[in-house]
2 protein chains.
Amino acid sequence: MGRRQHLIDTALKLFYEQGIHATGINQVLDVAQVAKQTLYNHFESKDSLVEAAVVHRDFVFYGWLADRLSQCAAGKEALLEVFDAIHDWFNNKVPMLNRFCGCFFINTCGEFSDPEHEVHKRCAEHKARVFELLLGHARKVTRSEAEAKNLAYALSLLKEGATIKAHVEGDLEAALSAKQIAARMISSH
Amino acid sequence: MGRRQHLIDTALKLFYEQGIHATGINQVLDVAQVAKQTLYNHFESKDSLVEAAVVHRDFVFYGWLADRLSQCAAGKEALLEVFDAIHDWFNNKVPMLNRFCGCFFINTCGEFSDPEHEVHKRCAEHKARVFELLLGHARKVTRSEAEAKNLAYALSLLKEGATIKAHVEGDLEAALSAKQIAARMISSH
DNA sequence: TTGATTATAGACAGATCTGTCTATATCTAG
DNA sequence: CTAGATATAGACAGATCTGTCTATAATCAA
């Protein structure tokens, strides 16, 4: 793997586990076993490394989730698969997502609350992309665009809520609990 | 107000708006207009100031929410009031909660992911307390303890989800959208 | 082989961080 | 009034932070 990608991977893991402001450039370099100048050849500042890490997390997470859903029948099955997928994530069954430490995008917005900040915007974009993924499947089980949006919206609230329950309260069954609620919602549409 | 409480209020505001690791002790002192030694007379370290800020936020937020709910009929009305209350919060209608920057406890767990950390535990306790508040009202509109728990759980997922939508995506209507979903859930119980 | 690019270790500057210390001033209770 | 407690400003130590610089080494294409 190229140095640039290796730095992004290492930074992402540390940012995710420790928080961004709590993680120094030097620790990233120590763990990645890369020289400082190499980092500054590829990134103009820590901030731009942070941005690259967020973009990469979106790439990995969205790709993983879309792949999980694509292995199910479109519609109800795929919508429910969301919760089985995040259940695996919460319980550390998905190495590519790193040890579960909540949602990286939520955590990052907690450190960059200004919605005009580039990093915050990237996080919002990720959530919008995931919403579109749900919406595509919600359309298959509803009779109008408005209904589809309502369903996708409700399911995304459940997904975010479960992620919080799992991380803050250590509720490792949160995804399965959310799945049951989701199932009732989908049925009633 | 005593110096100790003034320091906690100031620290809480800055921690909430900027994140904890991004906020230095010196900035807290500058804003609070308090001498450094005074801080270290009242708190043995930054960490203990952080803990005090989290405990205080629980006190303020829980007290505020419980008060809002207590002004409604117990049960369905109170459960729906949760979403009107957080709608006001999201839209900066509640000065005592400071400018909306997401949920302080969620943000803080993003910076202290280790569930054994004292600060993380305090955040979990807050969520548990809010859950109990919902549960009390859920019991009024359900026929069994299991149903009450399910309802309170579902509503708390919606509340957390709406908070995330509002903060990360800037969706200021998230609370009202969540309220509609909540209303359907309560009715179907 | 040669010449350009890229990576290396690590010193360094300058800023900022937490926490301690000192010496002075203000408040408060008896 | 007085004595003890509390607050003050700010210097200071020592650690850590980001980012720059240098001089050397490895890599790779022509």
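Reminder, nothing fancy here: chain letters follow the sequence lines and each chain counts from 1.
Using modelled atom types, no side-chain atom of Thr38(A) and backbone atom of Val34(A) make a donor-acceptor pair closer than 3.5 Å.
Close to dT6(C), at under 4.0 Å from its OP1 or OP2, lies no side-chain N or O of Arg4(A). In terms of phosphate contacts, Thr38(B) brings a side-chain nitrogen or oxygen within less than 4.0 Å of OP1 or OP2 of dT8(D).
Atom C1' of nucleotide dA11(C) and atom CG of Leu29(A) are separated by 15 Å, given to the nearest angstrom. If you measure from atom CD of Glu44(B) to atom C1' of dT20(C), you get 14 Å, rounded to the nearest angstrom. Computed from coordinates, the Gln37(A) CD to dA7(C) C1' distance equals 10 Å when rounded to whole Å. A straight line from CG of Leu39(B) to P of dG10(D) spans 17 Å, rounded to a whole angstrom. dA9(D) atom P lies 7 Å from atom CD of Gln33(B), rounded to whole Å. Nucleotide dA11(D) holds its C1' atom 16 Å from the OH atom of Tyr40(B), rounded to whole Å.
Geometric assessment of Lys46(B) against the ring of Tyr40(B) yields a negative cation-pi assignment under the 6.0 Å and 45° thresholds. Annotation: cation-pi pair Lys121(A)/Phe112(A) absent, no NZ/CZ under 6.0 Å from the ring centroid and within 45° of its normal.
Val141(A) and Phe131(A) fall within the same hydrophobic cluster, where Ile, Leu, Val, Met, Phe, Trp and Tyr residues are linked whenever their side-chain heavy atoms come under 4.5 Å apart, directly or through other members.
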Task: Contact pattern, 5' to 3', of nucleotides 12-17 of chain D - B, S or - by protein heavy atom under 4.0 Å - done: ------
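Contact check on Glu160(B) versus Lys165(A) returns no salt bridge, with no Lys/Arg side-chain nitrogen under 4.0 Å from an Asp/Glu carboxylate oxygen.
Residue-level contact check: His42(A) touches the backbone only, with heavy atoms under 4.0 Å from sugar-phosphate atoms and none from bases.
Residues His167(A) and His120(B) bring their aromatic ring centres within 6.0 Å.
Using a 4.0 Å cutoff on non-hydrogen atoms, no part of residues 8-20 of chain B comes near DNA chain C.
In this structure, the side chains of Phe90(B) and Asp171(B) stay at 4.5 Å or more apart for every pair of heavy atoms.
Side-chain contact annotation: His21(A) with Glu111(B), donor-acceptor N/O pair under 3.5 Å absent.
Just one of Asn150(A), Leu151(A), Leu157(A) meets the side chain to side chain contact (heavy atoms under 4.5 Å, CB included) condition when paired with Tyr153(A); it is Leu157(A).
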